[in-house]
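Below, all heavy atoms of this structure are taken into account, side chains as well, without hydrogens, waters or symmetry copies. Each chain gets a letter, A, B and so on, in the order its sequence line appears, and its residues count up from 1.
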Protein chains: 2
Amino acid sequence: MYAVKAMPRPRSLTPAQLASAALAVIDRDGLSALTMRAVAQELGTSPMALYRYVADRDELEALVVEEVLSTVDTAAPPDESWQDRVGVLVQRMRVAIGGHPAVVPLLPVHRHRSPTVLRWTETVLGVLAEAGFAGTRRVVALRALLAYAVGAIQLEHLGPLSGSGTDAMAGLSPAEFPHLSATAADARRVRPDAEFDGGLDLLLRGLAVSSD
Amino acid sequence: MYAVKAMPRPRSLTPAQLASAALAVIDRDGLSALTMRAVAQELGTSPMALYRYVADRDELEALVVEEVLSTVDTAAPPDESWQDRVGVLVQRMRVAIGGHPAVVPLLPVHRHRSPTVLRWTETVLGVLAEAGFAGTRRVVALRALLAYAVGAIQLEHLGPLSGSGTDAMAGLSPAEFPHLSATAADARRVRPDAEFDGGLDLLLRGLAVSSD
DNA sequence: ACCTGAACACCGTTCAAGT
DNA sequence: ACCTGAACACCGTTCAAGT
């Protein structure tokens, strides 16, 4: 028999546990409650134990982002038109994020590191390619879709919800802001889903026209 | 003569000085360097002196955001088509923010409290109204433009610049991500301005089609 | 090898005191 | 009235020590 190597003490946690504990903290107490100490407490260990699994707080945040995004189905949907297929892909992303609104501010920062985002982007590009988009036009189309998705999701979740937004809108003097105060009334009647769909539809129409 | 009231000690600072000192800190050392202590040092006072002018750090951030946005000309531009006029208004916003990329993460959070954003929105709505948009269609058009602007500006400034983004894209296996690796090469040749303009143009085309 | 506890260098903010 | 300095309750992270 060969000499038995010193048995490494088994890890007591997995990155997946880290991610879901951190997400639980955020969902329950908000993004500002996400601290190394809070996540450690959630897992019943000491704060420093986390550093066996992540290099720093930044990496913990990236883990949370991927935890949320990993639920997105990145397979190409079966719909007939390419507009519908792109629309479904964007909607899947929106729905996944909508379940955890408090993580929204983390998304722009950590989007790059997410394997799910890479696969999602690959699928979107495939649909666009089939639809005849190539070269610069495809780059512009992709970035426009991403920009709209990122922006619309943020507007939806860091928007009027924060409270002071709607208040400021409601207290506008119709004399100084005629269009704005008129639109504020209309805006209250538009459901977030319809707003998101409507904007996405505008962009998809623009893409369709540009491909003529 | 009446009894002379106790002369209030004159304030040594103005909110404008606070705002520009805070912006100077951010521009020089980045957003993470924005602390009450750093701004106080920039102004040559004690940290607690700032609390005479702002209630808390949040209000300081709002001041910085407005400092950046206040340079935006919110008057309706003279261009002929409504598409061009909306386009110019969005571009003005982008240019103002582009001068201070480090404040980008603050914008979604404090956008609501900015008087400049209110005036800008009023102007955009006016152009849309002239173009025949009303009711729900106008709400959707405005929110779509805002979403695109917010998202595209963030993608531009927290995008590949952060480093790890382009690295991740460059190291993709063409086998697993054929479209993505092909597009990554194309993407490097598209200038940020052209990308932003192109996406905005897609949205404006969509708006034009929807108004038929 | 993995985990812990104390400690360091920061934060924002409260409070009592100075002029 | 306005400003200051010390102090409090937090952070993320380093380090030396335990098992």
Side-chain angles (χ1 to χ4, degrees), chain A residues 2-19 21-26 28-65 102-103 105-106 109-110 113 162, chain B residues 2-19 21-26 28-65 102-103 105-106 109-110 113 162:
Chain A
Y2 301 102
V4 176
K5 286 222 195 97
M7 211 46 148
R9 177 166 168 185
R11 304 198 144 202
S12 64
L13 299 170
T14 65
Q17 281 177 292
L18 265 199
L23 185 56
V25 169
I26 293 179
R28 185 185 346 110
D29 301 322
L31 184 56
S32 67
L34 181 70
T35 66
M36 303 302 274
R37 284 164 164 92
V39 175
Q41 193 174 18
E42 186 80 15
L43 291 165
T45 61
S46 81
M48 288 315 298
L50 307 182
Y51 287 86
R52 289 277 132 195
Y53 304 89
V54 281
D56 50 22
R57 189 207 147 97
D58 212 54
E59 235 178 81
L60 180 66
E61 290 182 357
L63 227 47
V64 173
V65 168
V103 310
L106 297 181
V109 191
H110 297 284
R113 296 193 243 177
S162 2
Chain B
Y2 302 102
V4 177
K5 286 222 193 96
M7 210 48 146
R9 178 166 168 183
R11 304 197 146 204
S12 64
L13 298 170
T14 66
Q17 282 177 291
L18 265 199
L23 185 56
V25 169
I26 293 180
R28 186 188 341 114
D29 301 321
L31 184 55
S32 67
L34 180 69
T35 67
M36 302 301 274
R37 284 165 164 92
V39 175
Q41 193 174 17
E42 185 80 15
L43 291 164
T45 61
S46 80
M48 288 314 299
L50 306 182
Y51 287 87
R52 290 276 132 195
Y53 304 87
V54 279
D56 51 23
R57 189 207 146 98
D58 212 53
E59 236 178 80
L60 181 66
E61 291 181 356
L63 227 48
V64 174
V65 168
V103 310
L106 297 181
V109 191
H110 298 284
R113 296 194 244 177
S162 2

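- Sorted by residue number, the members of residues 28-40 of chain A with any non-hydrogen atom under 4.0 Å from DNA chain D read A:Leu34, A:Thr35, A:Met36, A:Arg37.
- Looking at residues 57-64 of chain B, you'll see that no heavy atom sits under 4.0 Å from any atom of DNA chain D.
- Smallest separation of non-hydrogen atoms from B:Ile26 and B:Ala102: CG2-CB, 3.5 Å.
- Judged by distance alone, with hydrogens and angles left aside, the side-chain atoms of A:Arg57 form a donor-acceptor pair with the main-chain N or O of A:Leu34 at under 3.5 Å.
- One can place CG of B:Leu18 at 14 Å from C1' of D:dC2, the figure rounded to the nearest angstrom.
- With B:Tyr53 contributing its side chain and B:Leu18 its backbone, the two residues share no donor-acceptor pair below 3.5 Å.
- Judged as a salt bridge (charged side-chain N to carboxylate O under 4.0 Å, His left out), and not counting sequence neighbours, A:Asp56 has no contacts.
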Symbol by symbol from the 5' end, with Watson-Crick or G-U pairs under 3.5 Å, [ ] crossing and | another strand, DNA chain D is ||.|||||...|||||.||
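- If you measure from atom CG of B:Leu43 to atom P of D:dC2, you get 17 Å, rounded to the nearest angstrom.
- A pairwise comparison of heavy atoms in A:Ala33 and A:Ala38 identifies O-CB, 3.5 Å as the closest pair.
- Between B:Ser32 and B:Thr35, the closest heavy-atom pair is O-CG2, 4.4 Å.
- Of the candidates B:Val65, B:Val39, B:Val64, B:Leu23 forms a side-chain contact (heavy atoms from CB on, under 4.5 Å) with just one, namely B:Val64.
- The salt bridge (Lys or Arg N to Asp or Glu O under 4.0 Å) contacts involving residues 29-47 of chain A comprise A:Arg28-A:Glu42, where partners must be two or more places apart or lie in separate chains.
- Between A:Leu63 and A:Ala19 the shortest heavy-atom distance is O-CB, 3.9 Å.
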What's touching nucleotides 3-6 of chain D from the protein side, N or O pairs under 3.5 Å?
unit_1, atom_1, unit_2, atom_2, d
D:dC3, OP1, B:Ser12, N, 3.2
D:dC3, OP1, B:Ser12, OG, 2.4
D:dC3, OP2, B:Tyr53, OH, 3.4
D:dT4, OP2, B:Ser46, N, 3.1
D:dT4, OP2, B:Ser46, OG, 3.1

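- When all heavy atoms of B:Gln17 and B:Leu43 are compared, the closest pair comes out as O-CD2, 3.9 Å.
- With hydrogens and angles disregarded, no donor-acceptor distance shorter than 3.5 Å links the side chain of A:Arg52 to the backbone of A:Ser12.
- Residue B:His110 comes nearest to B:Asp58 through the heavy atom pair CE1-O, 3.4 Å, listed as atom of the first residue, atom of the second, then distance.
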